[in-house]
Structure formats: structure tokens, C-alpha cells
Amino acid sequence: MRAETQNSVEAIKKSLALLAQRMDRETAAHRLEEFDAMIEDPNLWNDPARAQKLMRERQQLMDAMGTYDAISRDLNDNVELIELGEMEDDAEVVAEAEQAIAALKEKAAAKELEALLDGEADGNDTFLEINAGAGGTEACDWASMLQRMYVRWAEKAGYKVELQSEEGGAEAGIKSCAYKISGPNAYGWLKSESGVHRLVRISPFGKGTRETSFASVWVYPVVDDNIDIEVNPADIRIDTYRSSGAGGQHVNTTDSAVRITHHPTGIVVTSSEKSQHQNRDIAMKALKSRLYQMELDKRNAAINEAHENKGSAGWGNQIRSYVLQPYQMVKDLRTQHETSDTQGVLDGDLDGFMAATLAMQVSGKSRADAQGED
């Protein structure tokens with residue numbers, strides 16, 4: 001076996017070791033049996049919140065076990081093929097197996113990073129907010145480009161995407177929008193996107209000049225029903241208003257939109273679905289999620305520092321730069337991860353940036369730290 005392929009095999013084995021550790025493989029089968037026994041209880045769905053949580057945890061365990069078994073099986077099969085091909089002097093079989101192992105190494109590394117999503121709320125659904133910053137119409141257009149980018153990323157990942165609110169720009173794009181994104185580890189993957197995003201390009205609005213625009217992104221977890229966040233009614237103001245926007249299928253023009261202002265923190269959340277009752281419920285959940293995020297921040301110095309450094313959407317606060325002119329480059333200023341495939345990124349190819357951030361720091365552990373744990 002060639003040295004390069006042997007190195008790939010060793011890397012896959014390290015990833016498998018971390019996957020086994022994260023799911024506690026020795027007890028996984030027993031825990032799955034316990035889950036199966038619990039879901040056979042006819043009284044389980046008397047408590048829908050508990051039932052849904054149980055089903056989600058069971059599915060996560062099944063996915064983890066399936067991933068480990070599939071990678072382990074593919075590794076063994078391809079190693080055997082290489083050995084067989086070398087014995088029979090079949091270069092074609094060896095080459096195909098080596099290619100398969102190289103691809104498996106990338107898959108195992110990605111799953112390893114997912115396994116590091118073990119923060120308190122990493123497995124939760126998430127809210128994502130985008131707000132245009134410095135740059136006027138250019139910034140509103142940039143905010144709409146980010147909106148499209150994240151929706152495409154979420155859809156490619158198989159997540160459910162629900163628009164919560166949207167405010168159109170005066171001339172183009174959007175001033176702000178908010179989404180709920182639902183699926184396994186949605187918050188864990190997206191949380192690294194919180195911060196200011198900077199765009200440099202030739203203006204598409206007839207100026208012909210190079211313009212710099214800013215928009216801020218904020219990601220915070222959806223609070224599970226079993227997490228009790230108390231909100232004093234005296235601390236909030238609830239307003240209803242007519243939703244406005246640039247037009248289109250997402251814009252509601254009735255007076256059902258709801259805005260909740262939390263006076264002690266200054267947090268403002270909105271929802272503009274068709275039902276005012278539904279909007280109050282959505283907005284209150286969003287408020288509780290924001291308050292929960294603040295509590296997480298207090299307990300996690302790294303996340304807290306990142307949010308404090310996010311600052312206003314302008315110069316000096318950006319986490320990532322998207323340069324379309326005079327050259328093509330997207331670069332994350334925290335990890336130094338970069339790519340010249342700017343169109344791919346704007347079309348939702350964000351996994352490389354998210355993986356780089358996870359590898360650098362996930363719940364206070366670097367990827368190397370996680371691999372080195374006993």
C-alpha cells in the first residue's frame with residue numbers, strides 16, 4: 001500500500017475513534033434498546049414534547065451508529081481490495097480502491113467534525129437573522145444576497161426553512177429578515193456564522209464604482225420546550241402592525257404582524273405570518289431563544305467574546321470578506337480559510353468555512369484536542 005493511502009487509512013481510523021468515543025459506542029446498542037422500549041409505551045404521546053425529544057435522540061443515536069458502521073465497513077472493504085489487487089497485480093482494482101479511500105477520508109473528517117457538535121444547544125433548531133449595515137442600498141442588496149446564500153445552504157443540507165419576518169429595502173434588497181431553520185445540529189453548524197460579513201464589488205446600480213457593503217448575521221438556538229425560560233409580562237411590550245416589504249410571496253400585508261420588545265435587554269423580535277395568534281407564539285419563542293442565548297453566552301466565554309466582538313455592521317468588525325473585484329476571494333478572518341470560488345460560496349457552499357471554524361474551536365475544544373482525548 002502506498003504511503004499516501006496508508007496515511008489516509010490512519011486518518012480514517014482516528015476519525016472512527018472519535019466517532020466511537022462521542023457516541024459511547026460500548027453502550028450504544030444497549031441505549032438503543034432502551035429507546036425502542038420507551039417508544040413502545042402507549043402513554044408516550046400523552047406528553048408530545050417529551051415524545052418528540054425522545055424520538056430525536058433515538059434518531060441521532062441511530063444515525064451515529066449507522067455512520068460509524070458504514071465508514072468502518074467501507075474502510076475494511078477497500079483495504080481488502082487493495083491487498084487483493086496487489087496480490088493479483090491488478091493496478092485498476094488498486095487505483096479504484098485508493099480513490100475510494102481518499103473520498104472516505106473526506107467523509108470521515110466531515111462526520112468527525114459533526115461529532116464535535118456537543119455544545120449544550122448544538123443539536124437544536126436555530127433562528128437566523130440578517131440585517132443590512134453600512135452601505136445604504138448596496139448593503140440592502142448585499143443582505144438579500146446573504147439571505148439567498150443561507151437559504152440555499154440550508155436546503156442543500158436537507159433542513160426545513162421557514163421565513164419568520166422580512167423588511168424590504170427602500171430601493172432594492174432587504175433591510176432585514178429572520179428565519180427558523182430546523183434539522184439535526186442546525187444551530188451547531190450555523191452558530192459560527194454570527195458576525196459582520198463584508199462585500200467588495202463593482203456597484204450594480206449604475207455607479208460603476210467599487211463599493212464596500214456590510215451586513216450582520218446573528219444565529220441563536222431554538223429553545224426546547226423542556227427548557228424553562230421565564231419572561232415577566234411587565235418587561236415586554238407587544239405591538240401589532242402592518243407588515244411591509246419589497247413584495248413577493250413572502251410578504252404579508254395584513255395587520256397581523258407582531259413585534260415584541262424586551263425592555264431589560266433591548267431585544268426586539270418580530271413575526272409576520274398570517275395568524276396574529278401564531279405570530280405571538282413565534283415571537284415569544286424567538287424572544288425566549290434570544291434570552292437563552294444570552295445565558296449560554298455567560299457560561300461560554302468563547303461564544304460570549306465572539307458576540308461582543310461582532311459589533312456594528314461596519315469597518316473593523318467583519319468575520320468574513322467576500323471580494324468580487326478586483327479579484328475573486330472569500331476569506332474568513334478568524335480561521336484564514338479562503339476560496340476563489342466566490343460564486344459557489346454565494347450559492348450556499350459554506351461547509352468548508354463552517355468546518356474550519358468547528359475544527360478551530362467547538363465547545364472550547366480544537367479538533368486536535370478532541371482527537372487526543374482518551
Side-chain angles (χ1 to χ4, degrees), residues 8-41 44 49-79 100-101 103-126 157-160 181-192 221-222 224 226-227 296 299-300 302-303 351 354-374:
S8 294
V9 169
E10 294 304 318
I12 294 170
K13 288 181 177 179
K14 286 185 178 180
S15 294
L16 283 170
L18 184 139
L19 291 172
Q21 177 187 343
R22 283 292 182 262
M23 70 170 168
D24 192 1
R25 186 166 177 265
E26 291 183 359
T27 65
H30 177 66
R31 283 183 287 128
L32 183 58
E33 290 177 357
E34 291 180 337
F35 278 130
D36 290 341
M38 285 187 282
I39 64 175
E40 291 178 0
D41 182 354
L44 174 65
R50 176 177 175 272
Q52 291 174 1
K53 183 174 184 293
L54 182 70
M55 295 297 289
R56 184 168 62 248
E57 291 176 349
R58 176 178 177 271
Q59 187 61 52
Q60 289 172 344
L61 178 59
M62 290 178 62
D63 289 346
M65 294 172 67
T67 295
Y68 179 92
D69 290 342
I71 293 174
S72 181
R73 182 175 58 252
D74 288 349
L75 176 62
N76 292 333
D77 288 348
N78 283 289
V79 168
I101 286 178
L104 188 61
K105 175 187 174 183
E106 297 302 317
K107 177 182 177 181
K111 293 301 181 181
E112 175 188 333
L113 287 169
E114 282 188 23
L116 290 175
L117 292 168
D118 59 357
E120 183 171 359
D122 282 352
N124 289 28
D125 300 337
T126 191
Y159 291 145
K160 181 181 179 182
I181 299 176
S182 306
N185 293 323
Y187 172 68
W189 279 112
L190 277 167
K191 66 182 181 182
S192 64
V222 174
D224 286 341
N226 62 328
I227 298 176
L296 287 179
R299 285 176 278 167
N300 191 320
I303 295 177
D351 288 353
M354 293 177 180
T357 306
L358 281 173
M360 180 185 73
Q361 187 173 28
V362 177
S363 300
K365 297 185 291 295
S366 70
R367 185 176 176 185
D369 291 337
Q371 286 184 327
E373 290 177 355
D374 295 327

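Just so it is clear, the values below take in all heavy atoms, side chains as well, and ignore hydrogens, waters and symmetry mates.
- We find the NZ-CG distance between K191 and N124 to be 11.0 Å, quoted to the nearest 0.5 Å.
- Of all heavy-atom pairs spanning S182 and D125, the tightest one is CA-OD1, 3.3 Å.
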Practice problem: May I have the step-by-step check of side-chain contact (heavy atoms from CB on, under 4.5 Å) for L190 and M354, ending in yes or no? | Solution: CA-CA 7 Å; L190 277 167; M354 293 177 180; 3.6 Å; yes
Practice problem: Any chance you could lay out the side-chain contact (heavy atoms from CB on, under 4.5 Å) test for I181 and V222, step after step, and finish with the verdict? | Solution: CA-CA 9 Å; I181 299 176; V222 174; over 6 Å; no
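- Inter-residue side-chain proximity for N76 and V79 is flagged as unmet; no heavy-atom pair is nearer than 4.5 Å.
- At a cut-off of 3.5 Å, with distance as the only test, no side-chain donor of S72 or D69 sits close to an acceptor on the other residue.
- Salt-bridge check for E10 with K14: failed, with every basic side-chain N at 4.0 Å or more from each acidic carboxylate O.
- The NZ atom of K13 sits 6.5 Å away from atom CG of L75, with the distance rounded to the nearest 0.5 Å.
- When all heavy atoms are compared, the tightest approach of A11 to K105 is CB-CE, 4.1 Å.
- Going from atom CD of E34 over to atom CZ of R31 covers 8.5 Å, rounded to the nearest 0.5 Å.
- Taking both residues in full, the closest heavy atoms of Y159 and G183 are given as CD2-CA, 3.4 Å, listed atom of the first, atom of the second, then distance.
- Taking 4.5 Å as the limit, some side-chain heavy atom of L61 sits within range of a side-chain heavy atom of F35.
- To the nearest 0.5 Å, the span separating CD on E57 from CE on M38 amounts to 8.0 Å.
- For the pair T27 (side chain) and D24 (backbone), a donor-acceptor distance under 3.5 Å is present.
- With rounding to the nearest 0.5 Å, the separation of CZ in R25 from OH in Y68 is 4.0 Å.
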Practice problem: Could you please spell out the steps behind the side-chain contact (heavy atoms from CB on, under 4.5 Å) verdict for M55 and Q59? | Solution: CA-CA 6 Å; M55 295 297 289; Q59 187 61 52; over 6 Å; no
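- Taking both residues in full, the closest heavy atoms of M62 and L32 are given as CG-CD1, 3.6 Å, listed atom of the first, atom of the second, then distance.
- One finds the OG1 atom of T126 at 14.0 Å from the CH2 atom of W189 (value rounded to the nearest 0.5 Å).
- In terms of heavy atoms, R50 sits closest to L44 at NH1-CD1, 3.1 Å.
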Quiz item: I71 and L19: side-chain contact (heavy atoms from CB on, under 4.5 Å), yes or no, with the steps?
Solution: CA-CA 10 Å; I71 293 174; L19 291 172; 4.2 Å; yes
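- The minimum heavy-atom distance linking I101 with I12 is given by the pair O-CD1, 3.7 Å.
- R58 has a carboxylate O that lies under 4.0 Å from a charged side-chain N of D36, or vice versa, which qualifies the two as a salt bridge.
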